[in-house]
**Q** 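Below: one structure in structure tokens.
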Amino acid sequence: MKKYSKNILFLLLFCLTAGSCKNNLLDVNPLESRSTTTFWKTEADAEYALTGLYNFLYAPGGGYSNSQFQIYAWDNFSDNTYSPDNYGGGQSALASGITPQSGEFVRNYYDNSYRAVAAINTFLANVDKVLTGDKLEKYKAEAYFLRAFHYSWLAQLYGNVVITEEDPFSIDFKTKKTKSSRDEVVNFVLADLDKAIAGLPDDLYGNGHAVKGSAQAWKVRMLLFQKKYPETAALAKQIIDGKVYSLFDNYLGNFYKPAQNSSKEIMFSVKYQLPNISHQDNGLAVPLFRWKEAQGTQDLIDSYETATGKAINEAGSGYDPKNPFTNRDPRMRMTFFFPGDTKESSGWPFTGDLSVATPGKGGWTNGYYAAKKWLDPTLVNPDYGVLGDNDFVLIRYADVLLMHAEAENEVNGPLNAYASVNAVRARVGMPALPTGLTKDLFRERIKQERRSEFALEGIRYFDLRRWGMATQKLNGFVQNPLAPTVRTKYEDKYQFWPLPQTEIDRNSPELKQNDGY
């Protein structure tokens, strides 16, 4: 069970007024907090409050130097990448196991999500005091989307959590509630997403405010998480047939400014805009490129297909190329740097003593590969003080296409799923999948495609869990062949992360820990 704490309400007061914006731009500096006795008096108050709800997307990420939605950090929990640092206890949790006492990175999604939910519930309880008509319905729809968004993280990570729709200002602080099951939480998410879909405009996403496509795409993700394959395939096909979104010709342009501003592929993101909203603590420039906070594993590099499309054999085991750096899926070199790369040859961002990419120098650990995705190509020698405003992309149209293909294959086999996968492959110059694949072989190709397409986007960890492959792939995984005794830890019980011990202590005996902890 869960009870609201006073710090949540103090943060809520801040977030209800922490920044003003025009309805189409989240781009100004925070304002001072306002008293609740003077709030909810004018239409402008609703605008302030809605902006405050989006500000939770900048919540701290548990030691990673940006918001919790600096999503590449999730790849460090998978077989994709490695971090040489232990921000927020992330590497400790990976090496030693997740516990109720694990560090900030494990705990913050729980804490921050409930803070956001508290603010959203207050917004929904009060916004009709100052708005009516279409604007009221749109603002409420955005709030429903954001509540579903935060509860989706709670559902995927912790599973069995408290559902609350109450305005925290209207309840007794001593009020306690019991947990709901993961299925109940996901159903709550889906219901909120349906409300959002009904009230949001069917516009192209672009200004930071959720639109109908944002909610539809997020619902596709949650339906697939529940293995509701017919519903997943149908909704994804509806998005595809709507033709509002399309693949961006510039694959890497989805991950840096100003190219992101032209992408019709991005369906929801955490928006930044210089000079008013920049990454906290040097953003991506320093941790990802100077400190090498997410370095590709050899296992990931070996998984990329050759340029001829021969990526996996019929058993889906992986193809071992003779030359690991050439004649491969172009996404490999779009995502990582390789030994010998320079500014001229591949956009390596360093000059001087680091002008040639060399493992063992400049924070690059031998046995891994330095990240390239998310790099602004104009950046030279990223270091302290560099301001960044890459939007953190949380879902894009390519994911909708691949989720459609995966679900369609599970329902009807691959016949009507090929087009979605082949569109994603064609965008980067990869050949179409071979025809005549069985359902099982097509499923393996989808898994491979998702790994190649979404590396450094925080999706792999959740895919492995969803496929029931996390223990098989991650428990005992050797991240670096040069250090074979260093292995990762994953147990079946991690499908449900532990609730933070501070919450158990604060709400005992009603709040029960998840099984196995």
**Q** Look at D134 together with K138 and state whether they make a salt bridge at an N to O cut-off of under 4.0 Å.
**A** no
**Q** Is any side-chain heavy atom of Y490 closer than 4.5 Å to one of K473?
**A** no
**Q** Once you measure the plane-to-plane angle for W153 and Y109, does it fall in the parallel (<30°), tilted (30-60°) or perpendicular (>60°) bin?
**A** tilted
**Q** Rounded to the nearest 0.5 Å, how far apart are CG of L154 and CD of Q156?
**A** 10.0 Å
**Q** Whether the side chain of Q472 engages the backbone of M469 through a donor-acceptor N/O pair (distance < 3.5 Å, no angle test) should be reported.
**A** no
**Q** Can you measure from CZ (F454) to OG1 (T335) and round to the nearest 0.5 angstrom?
**A** 11.5 Å
**Q** Is a salt bridge present between D463 and R451, judged by a nitrogen-to-oxygen distance below 4.0 Å?
**A** no
**Q** Atom OG in S180, atom CD1 in I163: separation rounded to 0.5 Å?
**A** 3.5 Å
**Q** Using a 3.5 Å distance criterion without hydrogens, assess whether the side chain of D75 forms a donor-acceptor pair with backbone atoms of G458.
**A** yes
**Q** Can you tell if the side chain of S269 reaches within under 4.5 Å of the side chain of Q260, non-hydrogen atoms only?
**A** no
**Q** So that I know where these two stand, are F392 and Y72 an aromatic pair - ring centroids less than 6.0 Å apart?
**A** no
**Q** Taking the side chain as C-beta and beyond, is there a heavy-atom pair between H209 and L50 under 4.5 Å?
**A** yes
**Q** Quick one: does N254's side chain get under 4.5 Å of E457's, heavy atoms only?
**A** no
**Q** For L274, look at atom CG and say whether over 12 heavy atoms of other residues, nucleotides or ligands are found less than 6.0 Å away.
**A** yes
**Q** Working to the nearest 0.5 Å, report the span between CZ of R460 and CG of N76.
**A** 14.0 Å
**Q** Any ion pair linking R331 and E449 (charged N to carboxylate O, less than 4.0 Å)?
**A** yes
**Q** Has K264 got more than 12 heavy atoms of other residues, nucleotides or ligands less than 6.0 Å from its NZ?
**A** no
**Q** About how many Å separate CG of L474 and CG of D79, when rounded to the nearest 0.5 Å?
**A** 5.5 Å
**Q** Take atom NZ in K237; do more than 12 heavy atoms of anything else shown fall under 6.0 Å from it?
**A** no
**Q** Relative to each other, are the rings of W497 and W74 parallel, tilted or perpendicular (30° and 60° limits)?
**A** tilted
**Q** Checking Y82 against K292: is there a side-chain donor and acceptor pair closer than 3.5 Å?
**A** no
**Q** What I want to find out is whether D399 reaches R450 closely enough, with some N-O distance under 4.0 Å, to be called a salt bridge.
**A** yes
**Q** Thinking salt bridges, do D440 and R443 make one under a 4.0 Å N-O criterion?
**A** yes
**Q** With Y158, which of Y494, Y151, Y110 fulfils ring pair (Phe, Tyr, Trp, His ring centres under 6.0 Å)?
**A** Y110
**Q** Do you see a donor-acceptor pair shorter than 3.5 Å between the side chains of Y229 and E406?
**A** no
**Q** Before accepting this row, confirm whether a basic side-chain N of the pair R147/E165 lies closer than 4.0 Å to the acidic partner's carboxylate O.
**A** yes
**Q** Hey, which of R425, R427, K373 is the one that makes salt bridge (charged side-chain N to carboxylate O under 4.0 Å, His left out) with E453?
**A** R427
**Q** Fit a plane to each ring of F268 and Y54, take the angle between them on a 0 to 90° scale, and name the class: parallel (under 30°), tilted (30 to 60°) or perpendicular (over 60°).
**A** tilted
**Q** With ring centroids as reference points, do F56 and F149 lie under 6.0 angstrom apart?
**A** no
**Q** For the pair K257 and D376, find out whether any cationic side-chain nitrogen is under 4.0 Å from an anionic carboxylate oxygen.
**A** no
**Q** Could you check whether any side-chain N or O of N409 sits under 3.5 Å from a backbone N or O of A405, counting only pairs where one atom can act as donor and the other as acceptor?
**A** no
